[in-house]
Amino acid sequence: MPSRAAPASHLRIRRVYDEPSPDDGRRVLVDRLWPRGLAKEHARVDDWPKDLTPSTELRRWYHESPADRHAEFVTRYEAELSAPAAQEALRELRAHVRQGTVTLLTAVKDLPQSHVEVLARHLR
């Protein structure tokens, strides 16, 4: 059965370092590594689905030269998102988005060039 896309209005993207907001809904960290210098209780993270984050190898490869490798990174990350564990995590996250607001949290500064935008497209 095909999965329905999540309502875009229920999906938000924020930096994990920003102060939590009452309208964030379910807060989901979508980085493989815990953000530096951030106490877990301050972050108020509800979920941390590592199956939805780029693999360590892909992340390291991309960070060597992000400006030159973005298009290839997107292709490789989308391939990783097609793995069974990632597909299951996507189904679960879509279900949460259909129920209410979900905020994807990341430490990334350049959101348009990040994995978070790719992930959000898969959820929408």
Side-chain angles (χ1 to χ4, degrees):
M1 177 164 65
S3 60
R4 296 182 324 184
S9 61
H10 289 185
L11 188 63
R12 301 175 66 199
I13 299 171
R14 295 188 68 207
R15 292 202 66 228
V16 70
Y17 297 108
D18 295 340
E19 193 65 33
S21 170
D23 60 343
D24 282 346
R26 185 175 206 84
R27 292 170 54 88
V28 180
L29 180 63
V30 293
D31 290 342
R32 181 150 306 249
L33 303 175
W34 187 262
R36 288 184 185 183
L38 185 65
K40 290 187 180 186
E41 56 275 357
H42 180 73
R44 222 189 90 226
V45 169
D46 298 308
D47 291 313
W48 189 10
K50 291 183 184 178
D51 288 326
L52 293 180
T53 66
S55 66
T56 299
E57 297 79 17
L58 180 57
R59 182 179 49 80
R60 287 179 179 161
W61 172 84
Y62 181 54
H63 286 286
E64 288 175 10
S65 184
D68 298 328
R69 296 181 172 179
H70 183 71
E72 179 67 18
F73 168 77
V74 169
T75 300
R76 290 182 183 191
Y77 180 45
E78 287 179 335
E80 289 185 354
L81 288 175
S82 69
Q87 286 295 302
E88 178 58 30
L90 280 168
R91 277 191 289 280
E92 290 176 20
L93 197 48
R94 281 187 192 109
H96 289 300
V97 175
R98 282 192 295 273
Q99 293 171 358
T101 301
V102 170
T103 300
L104 303 179
L105 301 170
T106 183
V108 172
K109 291 179 184 175
D110 188 2
L111 289 172
Q113 297 297 308
S114 76
H115 69 286
V116 183
E117 292 294 331
V118 177
L119 177 59
R121 277 198 313 271
H122 279 263
L123 291 168
R124 289 181 178 122

| query | Shortest non-hydrogen contact from A79 to S82? | reply | O-OG, 2.6 Å
| task | Calculate, to the nearest 0.5 Å, the distance between atoms OG and CD1 belonging to S114 and I13 respectively. | result | 7.0 Å
| field | Criterion side-chain contact (heavy atoms from CB on, under 4.5 Å) on H122 and E78, from CA distance to verdict | value | CA-CA 9 Å; H122 279 263; E78 287 179 335; 3.4 Å; yes
| note | Here the gap from L93 atom CG to E88 atom CD, rounded to the nearest 0.5 Å, amounts to 11.5 Å
| salt bridge (charged side-chain N to carboxylate O under 4.0 Å, His left out): pairs with one or both residues in residues 38-61, sequence neighbours excluded | R26-D47
| Atom NE2 in H115, atom CG in L52: separation rounded to 0.5 Å? | 9.0 Å
| field | Nearest-0.5 Å distance that lies between atom CG in D110 and atom CD in E117 | value | 9.5 Å
| task | Please round to the nearest 0.5 Å and tell me the distance separating atom OG1 of T103 and atom CG of D23. | result | 7.5 Å
| field | Taking every non-hydrogen atom, the tightest pair across Y77 and L119 | value | OH-CB, 3.8 Å
| field | Hydrophobic cluster partners of Y17 (side-chain heavy atoms under 4.5 Å) | value | V16, L29, W34, L38, V45, W48, L105
| field | For R14 against E19, the heavy-atom pair lying closest together | value | NH2-O, 3.0 Å
| query | Can you name the nearest heavy-atom pair linking A43 to P20, along with the distance? | reply | O-CG, 4.2 Å
| query | Between T75 and A71, is there a donor-acceptor pair closer than 3.5 Å when you use the side chain of the first and the backbone of the second? | reply | yes
| request: From the options R76, E64, Q113, select the one residue that forms a side chain to side chain contact (heavy atoms under 4.5 Å, CB included) with R69. | output: E64
| Do you know the tightest heavy-atom contact between R94 and L123? | CG-CD2, 3.8 Å
| Between L111 and T106, does a side-chain contact (heavy atoms from CB on, under 4.5 Å) hold up when you go through it step by step? | CA-CA 9 Å; L111 289 172; T106 183; 3.4 Å; yes
| remark: In terms of heavy-atom contacts, L81 and L90 come closest through O-CD1, 4.0 Å
| task | Compare all side-chain heavy atoms of R32 with those of P54 and state whether any distance is below 4.5 angstrom. | result | no
| task | With rounding to the nearest 0.5 Å, note down the distance linking CH2 in W61 to OG in S55. | result | 10.5 Å
| request: For the residue pair Y62 and E72, establish whether any side-chain heavy-atom pair is separated by less than 4.5 Å. | output: no
| Considering only heavy atoms from C-beta outward, does the side chain of R15 approach that of K109 to under 4.5 Å? | yes
